[in-house]
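One structure is given below, encoded as structure tokens.
Just so it is clear, the values below take in all heavy atoms, side chains as well, and ignore hydrogens, waters and symmetry mates. Positions are given from 1 along the sequence.
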Amino acid sequence: MSALRLEIDLDKISANAAMLVSRLGSRNISVTGVTKVALGCPAIARTLLEAGVCGLGDSRIENIERMRAALGAGPSMTLIRSPMLSQAENVVRSADISFNTELIVIKQLSLIAEAMGRTHGVVLMVELGDLREGIMPHDLDGVVREILSLPNISLMGIGTNLACLSGTSPDETNMAALSALACTVEQNFDLVLEIVSGGNSANIEWAYAAPDRGRINNLRLGEAILFGREALHRTPIEGLHGDAFALVAEVIESKIKPTQPWGAIAQNAFGEVGHVIDRGNISRAILALGRQDCDPSGLDPPNGMAILGASSDHLVLDTGDHSPTVGDKQRFGISYTTLLRAMTSPFVEKTMLTGSARQPAKANPIPRFVATMRNTVL
């Protein structure tokens, strides 16, 4: 068991997912559980499915392959990033549905699906202002017309993505526009779209407040489930847990040192030039944790401590009135970006907590462990 570990509270993730599925279900909106920030972790994927999500979504086909190997053929899995042309075969083999914007890719998916004797589902992503990915609305009918003629391709629906690149917020105007496009496609081509996917965790406020949700019947939720908050203003969602993840690291040095560096000051290892206020001598600790393991700016340190800086593999803390000893463990709350990097790091052990293994939210002691993972399938 490694001292550097990411603790993952599956009970809290389950409770968050179940509550969102229930609340949005009462508004006739299904939830696709997004696993991309969790690197397609099968234990988290299984938890989301048991909590009632309609399927799993991930941006990397490698993550979908990992979940498929662990969970089998049953769960519906969607590639929510436009497929790479070079990975079309993998997409058809492992994903039931993919989000698409390029005809050349869809045609390749068709050829491969036909050769495999499979039908592959396609959701067309429409550009509604955030300028990340999407077909321009005036081009949508032309794309639909072409793909309806392709063998082994099933047009499952349309969708959009907002608030990821430019911060364009989901609102009544752009959601009504997506609904209108869905209705137009259905009328023009005499079909029924199974999926009208309105967006991601940034859509929570709209979904709760909108008096008319139109044709929107699906949201793709990752941050809202895993962190218990919406993604426009990072406001906590009532009734949800915001502390399902914690990062634990070990103290490797603890000393009294000056706050002010000395000597000629130039750039540090990351091209930064620091400006430090001299506060005299303070209690400082170094932890075996760095930028290669996480995003230090997204760490929430223990009470009474502050982060002074980080290099590739060292995190320096002002420990305040505390005097940690070498070998002590410190537990941090984390942000979305910190989770993203910690899940990707092979140096961070992933530890699943359930039931009695979970401590109260503000407890400082380290919980006992029920399962650990280091690059293995759980």
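Atoms CG and CD, on Asn174 and Glu127 in that order, are 10.5 Å from each other to the nearest 0.5 Å. Atom CD1 of residue Ile334 and atom CD of residue Glu7 lie 10.0 Å apart, to the nearest 0.5 angstrom. Distance check: Thr259 OG1 to Asn281 CG gives 7.5 Å after rounding to the nearest 0.5 Å. Here the CG atom belonging to Leu155 is positioned 5.5 Å from the CG atom belonging to Leu124, to the nearest 0.5 angstrom. In this structure, Met67 CE and Ser94 OG are separated by 10.0 Å, a value rounded to the nearest 0.5 Å.
Of all heavy-atom pairs spanning Ala38 and Met343, the tightest one is O-CE, 2.9 Å. The two residues Gly52 and Val21 have their closest heavy-atom pair at O-CG1, 3.7 Å. Scanning all heavy atoms of the two residues, the minimum distance from Thr160 to Gly198 falls at CG2-O, 3.5 Å. Cys294 and Leu289 make their closest contact through SG-CD1, 3.8 Å (heavy atoms, listed as atom of the first residue, atom of the second, distance). Of all the heavy atoms in Ser76 and Cys54, the pair that sits closest is CB-O, 4.2 Å. For the residue pair Ile80 and Gly57, the shortest heavy atom distance occurs at CG2-CA, 4.0 Å.
In this structure, the side chain of Arg27 engages the main chain of Arg23 through a donor-acceptor pair within 3.5 Å. Proximity of a side-chain donor or acceptor of Lys12 to a complementary backbone N or O of Leu10 within less than 3.5 Å is not detected. Looking at Ser254, its side chain does come within 3.5 Å of a backbone N or O of Pro324 through a donor-acceptor pair. Here the side chain of Asp58 pairs no donor or acceptor atom with the backbone of Leu56 at under 3.5 angstrom. Side-chain atoms of Arg341 do not come within 3.5 Å of backbone N or O of Thr338 as any donor-acceptor pair. Under the 3.5 Å distance criterion, the side-chain polar atoms of Gln292 are left unmatched by any main-chain donor or acceptor of Ser345. Checking side-chain atoms of Asn203 against main-chain N and O of Asn200 turns up a donor-acceptor pair under 3.5 Å. Proximity of a side-chain donor or acceptor of Asp318 to a complementary backbone N or O of Gly320 within less than 3.5 Å is detected. In terms of modelled atom types and a separation under 3.5 Å, the side chain of Asp130 and the main chain of Leu165 share a donor-acceptor contact.
Contact check for Leu317 versus Phe332: side-chain heavy atoms found under the 4.5 Å cut-off. In this structure the side chain of Thr35 never reaches within 4.5 angstrom of the side chain of Cys41, judged on heavy atoms.
The local environment of CZ in Arg81 is crowded, with over 12 non-hydrogen atoms from other residues, nucleotides or ligands closer than 6.0 Å. Applying the 6.0 Å contact sphere to CD of Glu253 captures more than 12 heavy atoms from other residues, nucleotides or ligands. Other residues, nucleotides and ligands contribute more than 12 heavy atoms inside 6.0 Å of the CD atom of Glu62.
Cluster membership for Leu111 and Leu150, using ILVMFWY side-chain heavy atoms within less than 4.5 angstrom, is not shared. Follow the hydrophobic side-chain contacts under 4.5 Å out from Leu148 and you never reach Met156; the two are in separate clusters. Taking hydrophobic clusters as Ile, Leu, Val, Met, Phe, Trp and Tyr residues chained together by side-chain heavy-atom distances below 4.5 Å, Ile147 shares a cluster with Met116. Leu221 and Val53 fall within a single hydrophobic cluster, where Ile, Leu, Val, Met, Phe, Trp and Tyr are joined by side-chain heavy atoms under 4.5 Å apart, directly or via other members. Hydrophobic clustering of Ile, Leu, Val, Met, Phe, Trp and Tyr side chains at less than 4.5 Å, counting indirect connections, unites Ile13 with Leu340.
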task = Start with the C-alpha gap between Arg68 and Asp96, add the side-chain angles, then the distance that decides, and say whether salt bridge (Lys or Arg N to Asp or Glu O under 4.0 Å) holds.
result = CA-CA 11 Å; Arg68 186 65 81 196; Asp96 302 288; 2.8 Å; yes
request  = Starting from the C-alpha separation in whole Å, work towards a yes-or-no answer on side chain to side chain donor-acceptor pair (under 3.5 Å) for Asp141 and Thr184.
outcome  = CA-CA 9 Å; Asp141 271 11; Thr184 298; over 6 Å; no
query = Between Asn161 and Arg220, does a side chain to side chain donor-acceptor pair (under 3.5 Å) hold up when you go through it step by step?
reply = CA-CA 10 Å; Asn161 189 73; Arg220 314 176 301 274; 3.3 Å; yes
Leu24 vs Tyr208, side chain to side chain contact (heavy atoms under 4.5 Å, CB included): CA-CA, chis, key distance, verdict = CA-CA 8 Å; Leu24 292 169; Tyr208 280 10; 4.1 Å; yes
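Defined by atom type and a distance below 3.5 Å, a donor-acceptor pair is missing between the side-chain atoms of Ser14 and Asp11. If you check the side chains of Ser283 and Ser323, you find no donor sitting under 3.5 Å from an acceptor. Side chain to side chain, Asp171 and Ser169 fail the donor-acceptor criterion of an N or O pair below 3.5 Å. Checked by atom type, the side-chain pair Glu230/Thr235 shows a donor-acceptor distance below 3.5 Å. For the residue pair Ser110 and Asn152, no side-chain donor N or O sits within less than 3.5 Å of a side-chain acceptor on the partner. Using a 3.5 Å distance cut-off with no hydrogens or angles, the side chains of Ser335 and Asp295 do not pair a donor with an acceptor.
Glu50 meets the side-chain hydrogen bond (donor to acceptor under 3.5 Å, both in side chains) test with no other residue; sequence neighbours excluded.
We find that Arg93 and Glu65 are not joined by a salt bridge, their nearest charged nitrogen and carboxylate oxygen being 4.0 Å or further apart.
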